[in-house]
Amino acid sequence: MRRAARVVEQVTNALDGCGVNVVADILRGHEPYIAGEHYPPDDAQDATSGCRFYYHAHDADTDEHGHFHPFVPLRGKGNDEELIALPAISMDVWGRPRSLFTVNHWVTGGPWLSGPATLRAMRRFRMEQAYPSWLVNRWITAMYQLVRPHVERLLLERDAALQAAARRTSLAQVFSDREKPVVTWMPIDQTALAVELRNLCHLADQVGPIGGP
């Protein structure tokens, strides 16, 4: 997580130095920006890991510009078409992450795994190809390492919310409920996360290992 925080900071600073951000970089060359469309149009795909993501938006929102939807292949193979949806990263109008959220099954389809199984799959999320943007690929890979504890909590809350709703009907009906696209949501701030992690690591360095002097 400490390494991931450094990568997120380095990429953010590199793009800031060019007067852009991760959202502007992923949308470059694809104007106008149209709600519902995938950016890049054929999704960002890693030939080695089989992972992929796309950026898009739904209806206009004064707080959200759009969000990243990442996916990991079910069996960890590049040619596996069964993709596991990870929690999405919502971005604000300044191109900075504003929240994490989980979606209902009908939104993305594909295999549905429990929270713990999804978290294990997330360890395999790697975007290392140069297309469409090497910097954005580095950023999104590092972000999912940095927010791992928050994703764990979000997924557990998702499972609990769905199970509670299913007690009144059935899980299949809950999965197909078009009135419920988002299941759980959590605000995040990448700068605050990096500072919090830096402080925790500094405290751990001061305390030293358990049983030590």
**Request:** Find out if a path of hydrophobic residues (ILVMFWY) with successive side-chain heavy-atom gaps under 4.5 Å connects Val72 to Val147.
**Result:** yes
**Asked** For Gly110, does its backbone N or O pair with a side-chain atom of His105 as donor and acceptor, under 3.5 Å?
**Response** yes
**Request:** Please examine the side chains of Asp43 and Phe53, heavy atoms only from C-beta on, and report whether any two atoms are closer than 4.5 Å.
**Result:** no
**Prompt:** Can you check whether Asp92 reaches Glu64 side chain to side chain, under 4.5 Å on heavy atoms?
**Reply:** no
**Asked** Yes or no on side-chain contact (heavy atoms from CB on, under 4.5 Å) for Asp46 and Arg52, after CA distance, side-chain angles and deciding distance?
**Response** CA-CA 6 Å; Asp46 190 285; Arg52 66 181 66 188; over 6 Å; no
**Asn137 side, atom CG; Gln45 side, atom CD - distance, nearest 0.5 Å** = 11.5 Å
**Prompt:** Between Phe125 and Met127, which heavy-atom pair has the shortest distance, and what is it?
**Reply:** CZ-CG, 3.7 Å
**Request:** Please round to the nearest 0.5 Å and tell me the distance separating atom CE of Met122 and atom CZ of Arg124.
**Result:** 12.0 Å
**Message:** Under a 3.5 Å distance rule, please check whether Tyr39 uses its side chain to pair with a backbone N or O of Val23 as donor and acceptor.
**Reply:** no
**Heavy atoms from other residues, nucleotides or ligands near CH2 of Trp134 exceed 12 (cutoff 6.0 Å)** = no
**Request:** Specify the closest pair of heavy atoms between Pro40 and Pro132, including all atoms of both residues, with the distance to one decimal.
**Result:** CG-CG, 3.8 Å
**Request:** Give the cluster check for Ile84 versus Val103: same hydrophobic cluster or not, with ILVMFWY residues linked at side-chain heavy-atom distances below 4.5 Å.
**Result:** no
**Prompt:** Counting heavy atoms not belonging to Arg28, are there more than 12 under 6.0 Å from its CZ?
**Reply:** no
**Message:** To the closest 0.5 Å, what do you measure between CD1 (Ile188) and NE2 (His150)?
**Reply:** 8.0 Å
**Item:** Aromatic ring proximity His38/His69, centre distance under 6.0 Å
**Value:** no
**Pairwise side-chain contact, Asp42 with Tyr131, heavy-atom cut-off 4.5 Å (strictly under)** = yes
**Request:** Identify the two heavy atoms, one from Val8 and one from Ala142, that lie closest to each other, and give their separation to 0.1 Å.
**Result:** CG2-CB, 3.7 Å
**Asked** Do Ser176 and Trp106 get their side chains close enough for a donor-acceptor pair, meaning under 3.5 Å?
**Response** no
**Asked** Do Leu135 and Val22 have side-chain heavy atoms sitting under 4.5 Å apart?
**Response** no
**Asked** Ring centroid separation for His65 and Tyr33, is it under 6.0 angstrom?
**Response** yes
**Prompt:** Any side-chain heavy-atom pair from Met186 and Phe101 closer than 4.5 angstrom?
**Reply:** no
**Non-hydrogen side-chain atoms of His67 and His56 separated by less than 4.5 Å** = yes
**Shortest non-hydrogen separation from Ser49 to Pro73 and the atoms involved** = O-CG, 3.3 Å
**Message:** Check whether Thr102 reaches the backbone of Thr184 with its side chain - one donor and one acceptor, N or O, closer than 3.5 Å.
**Reply:** yes
**Complete:** Here the gap from Ser133 atom OG to Leu27 atom CG, rounded to the nearest 0.5 Å, amounts to 11.0 Å
**Message:** Testing the 3.5 Å rule here: is there a donor-acceptor pair between the side chains of Ser90 and Arg98?
**Reply:** yes
**Asked** Are the side chains of Val151 and Leu100 in touch, meaning some heavy atoms are under 4.5 Å apart?
**Response** yes
**Complete:** Distance col, row Ile89:CD1 vs Met143:CE, nearest 0.5 angstrom, shows 4.5 Å
**Request:** Provide the closest heavy-atom pair for Thr108 versus Ala85 in the form atom of the first, atom of the second, distance.
**Result:** OG1-CB, 3.4 Å
**Message:** Please check: side-chain N/O of Asn104 versus main-chain N/O of Val107, any donor-acceptor pairing under 3.5 Å?
**Reply:** no
**Message:** Any heavy-atom pair between the side chains of Asp189 and Pro97 that's under 4.5 Å?
**Reply:** no
**Request:** Would you confirm whether Asp25, through its side chain, and Asn21, through its main-chain N or O, come within 3.5 Å as a donor-acceptor pair?
**Result:** no
**Prompt:** Do Asp16 and Arg96 sit within salt-bridge range, that is, some charged N less than 4.0 Å from a carboxylate O?
**Reply:** yes
**Asked** Are the aromatic ring centres of Trp112 and Phe175 under 6.0 angstrom apart?
**Response** yes
**Message:** side-chain contact (heavy atoms from CB on, under 4.5 Å) for Gln145 and Arg3? Distances and angles first, verdict last.
**Reply:** CA-CA 9 Å; Gln145 295 166 353; Arg3 287 194 298 270; over 6 Å; no
Could you tabulate the donor-acceptor pairs under 3.5 Å formed by side-chain atoms of residues 156-165, not counting sequence neighbours?
from, atom 1, to, atom 2, distance (Å)
Glu157, OE2, Arg153, NE, 3.2
Arg158, NH2, Leu113, O, 2.9
Asp159, OD2, Gly115, N, 2.6

**Prompt:** How many angstroms lie between CG in Asp63 and CE in Met91, if you round to the nearest 0.5 Å?
**Reply:** 14.0 Å
**Message:** Are Tyr144 and Trp139, when compared by the centres of their aromatic rings, separated by less than 6.0 Å?
**Reply:** no
**Prompt:** For Pro87 and Leu154, which heavy atoms make the closest approach, and how far apart are they?
**Reply:** CB-CD2, 4.2 Å
